[in-house]
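Data block below; observations after.
It should be emphasised that the depicted structure is a prediction, and the values quoted were computed from it without experimental measurement. Residues: numbered from 1 along the sequence shown.
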Amino acid sequence: MQSPICAMLGIEFPLLAFSHCRDVVVAVSKAGGMGVFGAASLPPERLEEELAWIDDHIGGRPYGVDLIVPNSFAGKGEDRRELPPIPDAHKAFVAGLLSKHGVDDSNLALPATGGSLGDNMREDGAAKLLEVAFRHPIGLIANALGVPPQLMLDLGKQHNVPVAALVGTRDHALTQVRAGVDILVVAGGEAGGHCGEVATMVLVPEVAAAVEAVGASTPILAAGGIVTGRQMAAAMAMGAHGAWTGSVWLTTAEAETNPVVKEKMLAASSRDTVRSKSRTGKPSRQLRSPWTDAWEAEDAPTPLPMPLQSLVSEPALRKVDKLSEGGHEGAKALATYWVGQGVGLMNEAMGAGQVVQQFKEDWIAACERLNGFVRE
């Protein structure tokens, strides 16, 4: 395909797949797209293991790594041991919510520090992950929140590896262009995980026009609710050069997703998600459940800033996941995960390679349909 994304990344089809599962990354890259491994929560030694495995199984195909180094969060620039304490009200709220659903709230002691995610969000922690990543033949490095740290930009240039950054507004996109980012991932509010408020159908052409107006040629990957090839074709008609996807891989055979949550996703409609700060402290879209509903209630405590809110939510949700897989009914009800509004179109479980092939076929059919409207 004649897309600048394909030329820049050395891939056949401009479909990028963000996943925390190494098997998905390998399958997508082998099928002609590019898998991007989500490494934000891993300590350096684990990242080394995962990337070594990918290198051994991907057959030389290109793949990327995604980190989260936000421009602002609680405790940024401070000793991680000096993060503010978790308020008792938040601890009590979680304990009460779990108890209401028959989940034992014991052994949920909050870690004394931010853990791997909190460490990795700081530039010194991110530097350790970057050191690991650039020891491997990665073809892309991406930052999921804000302008990439200067070290990421410098290492990208040094190793000839494109740097991508996610944006949710026109102004953020122009800031990234001025910072020297190589690829803009333009994520609409339909996206799973961290997302803004502007819809993909509005944001993509808005950013494309703004980038063109300043004379830049930075390629755009559309993101947010895109789970089919026809949506990808529509985004490219609006000015994108390809698609960045995440949610669609969560229900694949290779995905690490909790089987209970997979079943929920396959049965969900596009209305069964909620955009909330309750999981990380920044707005992110998740599968709706009694857990998310409780945090949206009037009597719920206000979510803490990133990364403190993760210290409240993640220990509890890990326990919920484990119990739900064992058949605990209360935990099955509470179980949730990040997913976009495109979940309503994710109705069939299949392999990641099959999903890529379906994207290609659907994209071609959509383009042929559009061409059919033009008189010769």
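One side chain, Glu190 or Thr200, offers a donor N or O that lies under 3.5 Å from an acceptor on the other. With 3.5 Å as the limit, one finds a donor-acceptor pair spanning the side chains of Ser276 and Glu296. Defined by atom type and a distance below 3.5 Å, a donor-acceptor pair is present between the side-chain atoms of His172 and Thr169. One side chain, Asp55 or Tyr63, offers a donor N or O that lies under 3.5 Å from an acceptor on the other. Side-chain N/O atoms of Gln309 and His90 include no donor and acceptor closer than 3.5 Å. Residues Thr218 and Asp182 have side chains that never bring a donor and an acceptor to within less than 3.5 angstrom of each other. Neither side chain, Gln354 nor Gln358, offers a donor N or O lying under 3.5 Å from an acceptor on the other.
Residue Asn160 qualifies as open at atom CG: its count of foreign heavy atoms under 6.0 Å is 12 or below. Atom CD of Glu197 sits in a sparse spot, with 12 or fewer heavy atoms from other residues, nucleotides or ligands closer than 6.0 Å. Within 6.0 Å of NZ on Lys262 lie more than 12 heavy atoms contributed by other residues, nucleotides or ligands. Atom NE2 of His101 has more than 12 neighbouring heavy atoms from other residues, nucleotides or ligands inside a 6.0 Å radius. No more than 12 heavy atoms of other residues, nucleotides or ligands shown are found within 6.0 angstrom of CD on Gln2. Counting heavy-atom neighbours within 6.0 Å of Glu212 CD, excluding the residue itself, gives a total of 12 or less. Crowding of Met1 atom CE: a count of heavy atoms from other residues, nucleotides or ligands under 6.0 Å exceeding 12. Around CZ of Arg135, the count of heavy atoms belonging to other residues, nucleotides or ligands within 6.0 Å exceeds 12.
Met8 and Val186 fall into different hydrophobic clusters, defined by Ile, Leu, Val, Met, Phe, Trp and Tyr side-chain heavy atoms under 4.5 Å apart, directly or through other members. By the rule that hydrophobic residues join a cluster once side-chain heavy atoms approach within less than 4.5 Å of another member, Val24 and Val227 end up as members of one cluster. Follow the hydrophobic side-chain contacts under 4.5 Å out from Leu174 and you never reach Leu153; the two are in separate clusters.
A salt bridge is defined here as a Lys NZ or Arg NE, NH1 or NH2 lying under 4.0 Å from an Asp or Glu carboxylate O, and Lys128 with Glu131 fails to meet this definition. Salt bridge annotation for Asp362-Arg230: present, with a cationic side-chain nitrogen under 4.0 angstrom from a carboxylate oxygen. A salt bridge does not link Glu206 with Arg170: every distance from a Lys NZ or Arg NE/NH1/NH2 to an Asp or Glu carboxylate oxygen is 4.0 Å or more.
Interatomic distance, Thr257 OG1 to Glu263 CD, rounded to the nearest 0.5 Å: 12.0 Å.
Trp338 does not carry Arg285 over the face of its six-membered ring by the limits of under 6.0 Å from the centre and within 45° of the normal.
Ring-centre distance between Phe18 and Trp249: not below the 6.0 Å cut-off.
No side-chain donor-acceptor contact under 3.5 Å links Lys277 to the backbone of Thr302. Under the 3.5 Å distance criterion, the side-chain polar atoms of Gln286 are matched with a main-chain donor or acceptor of Ser284.
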